[in-house]
2 protein chains.
Amino acid sequence: MIINKESLLKERIAQIAQQLRERGYRVTPQRMAIVQAVLESSEHPTAEEVYRKVSDSFPMLSLATVYKTLEMLKTLGEIVEIPVKGQVHYESNLRPHVHLICERCHKVMDWGEEIVPPIPKETIESSGFYPRYYLVEVHGLCSQCQSESNSVPEADKPRGNPGA
Amino acid sequence: MIINKESLLKERIAQIAQQLRERGYRVTPQRMAIVQAVLESSEHPTAEEVYRKVSDSFPMLSLATVYKTLEMLKTLGEIVEIPVKGQVHYESNLRPHVHLICERCHKVMDWGEEIVPPIPKETIESSGFYPRYYLVEVHGLCSQCQSESNSVPEADKPRGNPGA
DNA sequence: TTAACTGCAAATGCTTTGCATCGAT
DNA sequence: ATCGATGCAAAGCATTTGCAGTTAA
């Protein structure tokens, strides 16, 4: 039996639907469409991006519903928030890994390599902190923004003394 | 000659003042008070917290000036932003290290251990991403919030079927 | 002297909330 | 038939911006 990415996704969505029923949440079409959109995206979408994506199939969808559903998924422990420059991105891969975060376009990318630096959970716990998950964030410039970095003015620098 | 934390801080502040002059920024009392407040804090303060601290010596200080100065320090590369739950914290220690971030009170703490997991900079660069700095974020509950976790209602759970 | 900085207030933009209606159970 | 979910609009809140007066250089 071949287990591919798609069937794993389907399975996870089914498990979430069951969990919802068990916990007294209702399983609505909007909700499940949002769940699928977040889980199937590997691009760490923002609420707005999830909204735009799901809107194709649910033109009546409201952004508030997206936010509420994402909040629900957070409560269930199915996703985590990745705040970047005033906007929250959502991550459904809860295994430790590396994020490459572009300081210019604010995209969040997974680093291809699956290797993760080991964090000694026990040592952290001994400091009294209870760890739930961890991530490595590498901040810098994505390849696209490196080549474009001349086309946009820098932040509010003063004009005087540009040379010295 | 003994080099302690305090004198290192003084030195760094002096260097920043010099850099400001060289780049055509002006060295104002507010600015330098804000710079000192951020650099001397090891608690990753928010703009609001910096504002409250500096307000003791500058009652006329405005929050906008704090934001503008923090933006300036970012541009100079002296600090970086650590966005947490809708508020930005500021970090002046640019060496890779571990942050313990509490999901409940949203404090950002440095992990005592100085060890950092090695990130192979070259491997990341080979993917086309230009890394500037990196951090490890461990999310969970701080010791205080663990003991208080019963005293605050959970997020908007539905009421039905609490057991099953 | 003069151009940058400050402080104020208004504006912005993401996210949350209240509420009437709708629909899953 | 319930009562939670949805969609809309309004509110909330951190941050940014515009501008007139102030001040470092």
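Residue numbering restarts at 1 for every chain, and letters A, B, ... go by the order of the sequence lines.
Per the geometry, CD belonging to A/Glu71 stands 17 Å off C1' belonging to D/dT6, to the nearest Å. In this structure, A/His106 places its NE2 atom 12 Å from P of C/dC14, rounding to the nearest Å. Protein atom CZ of B/Arg21 is 12 Å distant from nucleotide atom P of D/dA24, rounded to whole Å. With rounding to whole Å, B/Met60 atom CE is found 14 Å from C/dA9 atom C1'. One atom, OH of A/Tyr51, and another, P of D/dT6, lie 14 Å apart when rounded to the nearest Å. Rounded to whole angstrom, the span from the CG atom of A/Leu70 across to the P atom of C/dT15 amounts to 10 Å. Atom CZ of B/Phe58 and atom P of C/dT6 are 10 Å apart (whole Å). Rounded to whole Å, atom P of D/dG7 lies 5 Å from atom CG of A/Leu61.
Distances shown here put a side-chain N or O of A/Thr28 below 4.0 Å from the OP1 or OP2 atom of D/dT6. Between C/dG23 and A/Arg26, no contact under 4.0 Å exists linking OP1 or OP2 to a side-chain N or O. Distances shorter than 4.0 Å separate none of the side-chain N or O atoms of A/Ser62 from OP1 or OP2 on D/dT6. Phosphate contact (OP1/OP2 of D/dT15, side-chain N/O of B/Tyr67, threshold under 4.0 Å): present. Dashed line: the shortest gap from a side-chain N or O of B/Gln30 to OP1 or OP2 of C/dG7 is under 4.0 Å.
Side chains of B/Glu137 and A/His99: a donor-acceptor N/O pair is absent below 3.5 angstrom, by distance only.
Contact of the A/Asp110 side chain with the A/Glu91 side chain is registered, since non-hydrogen atoms from C-beta on lie closer than 4.5 Å.
No option in A/Asn93, A/Val108, A/Ile101, A/Val88 other than A/Val108 meets the side chain to side chain contact (heavy atoms under 4.5 Å, CB included) test with A/His44.
Checking D/dT15, D/dA9, D/dT6 against every side-chain atom of A/Arg31, the shortest atom distance belongs to D/dT6.
Residues A/Lys85 and B/Glu81 are not paired through a salt bridge, judged by the lack of any N-O separation under 4.0 Å between the basic side chain and the carboxylate. Taking 4.0 Å as the cut-off between side-chain N and carboxylate O, A/Glu49 and A/Lys53 do not count as a salt-bridged pair.
Residue A/Lys85 places no side-chain atom within donor-acceptor reach of the base of C/dG13, judged by atom type and a 3.5 Å distance cut-off alone. Counting atom types as modelled, B/Lys68 pairs a side-chain N or O with a base atom of C/dG7 as donor and acceptor under 3.5 Å.
Nearest-nucleotide positions on DNA chain D for B/Pro29 and B/Thr46 put B/Thr46 closer to the 5' end.
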